[in-house]
Amino acid sequence: MSPPPPPYGQSLALLTDLYELTMAYGYWKSGMAEREAVFHLYFRRAPFGGAFAVACGIGPMVELLRGFRFTVDDLDYLRTLRASDGSALFETAFLEYLHAFEFHCDVDAVREGAIVFPQEPLVRVRGPLLQAQILETLLLNVVNFQTLVATKAARIAHAAQGEQILEFGLRRAQGVDGGLAASRAAYAGGCSATSNVLAGKLYGIPVRGTHAHSWVMSFDSELEAFHAWARVMPANCIFLVDTYDTLEGVRNAIEAGKELRRQGREMLGIRLDSGDLAELSRQARRMLDDAGFTEARVFASGDLDELRIEELRREGAQIAVWGVGTKLVTAYDEPALGGVYKLGAIRDNGEWSDRLKLSDDVDKISNPGVQQVRRFRVDGRPVADVLYDESRPLPQNVQAAALTEPHAHLEIPPEAVGEDLLEPVFRDGVCLHEPPGLESVRAYAEQERLALDPRLLARQPMEYPVGLERSLHELKQELIARHGLSASRTG
């Protein structure tokens, strides 16, 4: 099933920074609009102190590109924009050009849910310079945030070691779209369900939820509140037990559970939301078991993330289901992915002219060419990735220089099998295939995460080998030298 379109009901061509439109105007005015160019979307550093990211947002990106156009309302608004001297910012002929805009780019992307590493293109856009440029902000907005949250969810899933994770973050999310995008990405990255009902409707994510403290507080006693909840939701009884006194709350939940059992039903469990979660969960587990509720599960919530979950597991917490909210949907400890969109090459007189951005900051020096990523695996496990220029033949015996240490050779095991990660999505503006459903994305993300070397998932992870194919590396060094930045400052 195709992912649903974004819940806006209109083209989002104006969801962009103004400089994308002023550059587009400049290209048009200078006669450069139709020159062929190639851009790459990638991130410079893995988030959360980790080694990898989970590519996400590709499905929504496809839907946005399929409907990309400038509406009459869009153009009416652009006519109102003024330059500093009060004149129209854009001339009428340019706005007429935008009105006739038809998307004609080739777009390649990694499969959504793929494990990706710094400097590797997640998306490649090739086509008329004006069109490829004007997509920059939109693509970064969609892919950066969802990749960030999916990565956080994957890290939490790893910490939970197969136990369920429920995403409860909507009330703390960054607005309506932030809440929806975060719920989608969290599910893709490894969460089992969400509390976000609209995300459940739009994306087919399982929804979960029971009651809050206010339910308990609205009754004269906690026990009365639990009995009432059991009558109202006999098949959905997870009792929140920490409104007043947590262990007394567990006792009251057991009493309500006994009454429920007499009616032929079973309570699902109890939820802890505050206090010493490790100790309280151990005591709650013993109380539930002693009362004969061995199948009732202990749920926990309350400012959880992968670090806290790992800590609680080390302390012997008896928690079966983790409710994670604020620190997931806001990517609390690193709230932005450093994703960028850079020009790699432009055609001059039929030949590709390679481009790169230079900087005193080594991480900000971009890679030139029409880039593709080849991943090498041994027995299904990724062992090295190599960036190469797709416009040039790739040698049978791939030689590569390590990205982080350009003078070092990247070792590729001779038995490794290679596959290209960027797959065709659009050709000449025509979508070639429907994006996979979110369940498929989630399953693929989990499969790829489990295939990683465990050292990449450690608190202080190893660095995954990523390199530039030898001829692309030499081209990069040549361009750096040509523009006056010595090779010694590049690594």
Side-chain angles (χ1 to χ4, degrees), residues 35-46 52-53 55 58 61 105-112 114-129 131-133 135-136 139-140 143-144 147 337-348 351-359 362-376 382 384-395 398-404 406 410 412 418-427 464-480 483 490-491:
R35 288 177 68 183
E36 188 177 9
V38 61
F39 288 79
H40 305 93
L41 187 158
Y42 61 96
F43 58 92
R44 292 174 171 141
R45 180 178 56 80
F52 68 92
I58 306 299
M61 178 197 79
C105 289
D106 296 348
V107 180
D108 297 76
V110 299
R111 182 174 170 183
E112 190 165 22
I115 299 295
V116 286
F117 299 95
Q119 304 292 330
E120 298 181 347
L122 281 64
V123 180
R124 185 181 71 199
V125 179
R126 175 175 171 175
L129 175 59
Q131 294 200 10
Q133 178 72 71
L135 299 178
E136 176 181 10
L139 299 190
L140 287 170
V143 174
N144 272 351
T147 296
L337 181 71
V340 295
Y341 185 85
K342 297 300 179 185
L343 179 68
I346 192 167
R347 277 201 193 270
D348 288 320
E351 297 293 327
W352 282 112
S353 176
D354 298 293
R355 299 287 198 268
L356 88 170
K357 177 194 180 299
L358 290 178
S359 173
V362 173
D363 288 342
K364 290 189 175 183
I365 299 176
S366 64
N367 295 308
V370 183
Q371 296 165 36
Q372 173 63 276
V373 184
R374 178 153 298 183
R375 173 157 296 167
F376 291 89
D385 289 2
V386 173
L387 278 65
Y388 71 95
D389 189 331
E390 202 172 66
S391 69
R392 299 175 173 89
L394 185 65
V398 178
Q399 302 290 319
L403 260 178
T404 54
L410 188 75
I412 302 171
E419 61 176 338
D420 287 343
L421 297 189
L422 292 173
E423 302 175 344
V425 179
F426 286 86
R427 286 294 178 265
Y464 181 80
V466 178
L468 285 180
E469 187 271 325
R470 182 60 60 183
S471 64
L472 183 58
H473 167 72
E474 290 170 356
L475 170 66
K476 180 176 180 178
Q477 299 306 312
E478 177 188 324
L479 290 172
I480 289 170
H483 291 288
T490 67

Heavy-atom side-chain proximity of [X] to [Y] below 4.5 angstrom:
X      : Y      : result
Phe43  : Leu140 : no
Val107 : Val123 : yes
Phe117 : Val373 : no

Please round to the nearest 0.5 Å and tell me the distance separating atom [atom1] of [X] and atom [atom2] of [Y].
X      : Y      : atom1 : atom2 : answer
Gln119 : Thr404 : CD    : OG1   : 10.0 Å
Gln399 : Arg470 : CD    : CZ    : 7.0 Å
Leu421 : Glu120 : CG    : CD    : 6.5 Å
Asp389 : His473 : CG    : NE2   : 15.0 Å
Ser471 : Tyr388 : OG    : OH    : 11.5 Å
Arg111 : Glu423 : CZ    : CD    : 7.5 Å

Taking salt bridge (charged side-chain N to carboxylate O under 4.0 Å, His left out) as the definition, give me every residue that meets it alongside [X], ordered by chain and number, with sequence neighbours left out.
X      : answer
Glu469 : none
Asp385 : Arg375
Arg44  : none
Glu36  : Arg126, Arg347

Among all residues two or more places apart in sequence or in another chain, which pass the ring-ring contact (aromatic ring centres under 6.0 Å, His included) test with Phe39?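 ring-ring contact (aromatic ring centres under 6.0 Å, His included) check on Phe39 returns Tyr341.
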Starting from the C-alpha separation in whole Å, work towards a yes-or-no answer on side chain to side chain contact (heavy atoms under 4.5 Å, CB included) for Leu356 and Asn367. CA-CA 6 Å; Leu356 88 170; Asn367 295 308; over 6 Å; no
Positive for side-chain contact (heavy atoms from CB on, under 4.5 Å) with Val386, one of Leu468, Ile412, Leu394, Leu403: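 Answer to the side-chain contact (heavy atoms from CB on, under 4.5 Å) test with Val386 among Leu468, Ile412, Leu394, Leu403: Ile412.
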Could you give me the CA-CA distance, side-chain angles and deciding distance for Gln372 and Arg124, then say whether side chain to side chain contact (heavy atoms under 4.5 Å, CB included) is met? CA-CA 8 Å; Gln372 173 63 276; Arg124 185 181 71 199; 4.2 Å; yes
Give the C-alpha distance, both sets of side-chain angles, the deciding distance and a yes or no for salt bridge (charged side-chain N to carboxylate O under 4.0 Å, His left out) between Arg427 and Asp108. CA-CA 9 Å; Arg427 286 294 178 265; Asp108 297 76; 2.8 Å; yes
Take atom NZ of Lys357 as the centre, draw a 6.0 Å sphere, and report whether it contains more than 12 heavy atoms from other residues, nucleotides or ligands.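 Yes.
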Taking NZ, NE, NH1 and NH2 as the nitrogens, is one of them in Asp354 or Arg392 under 4.0 Å from a carboxylate oxygen of the other?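 A salt bridge links Asp354 with Arg392.
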Full working for side chain to side chain contact (heavy atoms under 4.5 Å, CB included) between Leu122 and Thr147: CA-CA 10 Å; Leu122 281 64; Thr147 296; 4.1 Å; yes
Only counting residues at least two apart or in another chain, list the ones meeting side-chain hydrogen bond (donor to acceptor under 3.5 Å, both in side chains) with Asn144.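 Partners of Asn144 under the side-chain hydrogen bond (donor to acceptor under 3.5 Å, both in side chains) test: none.
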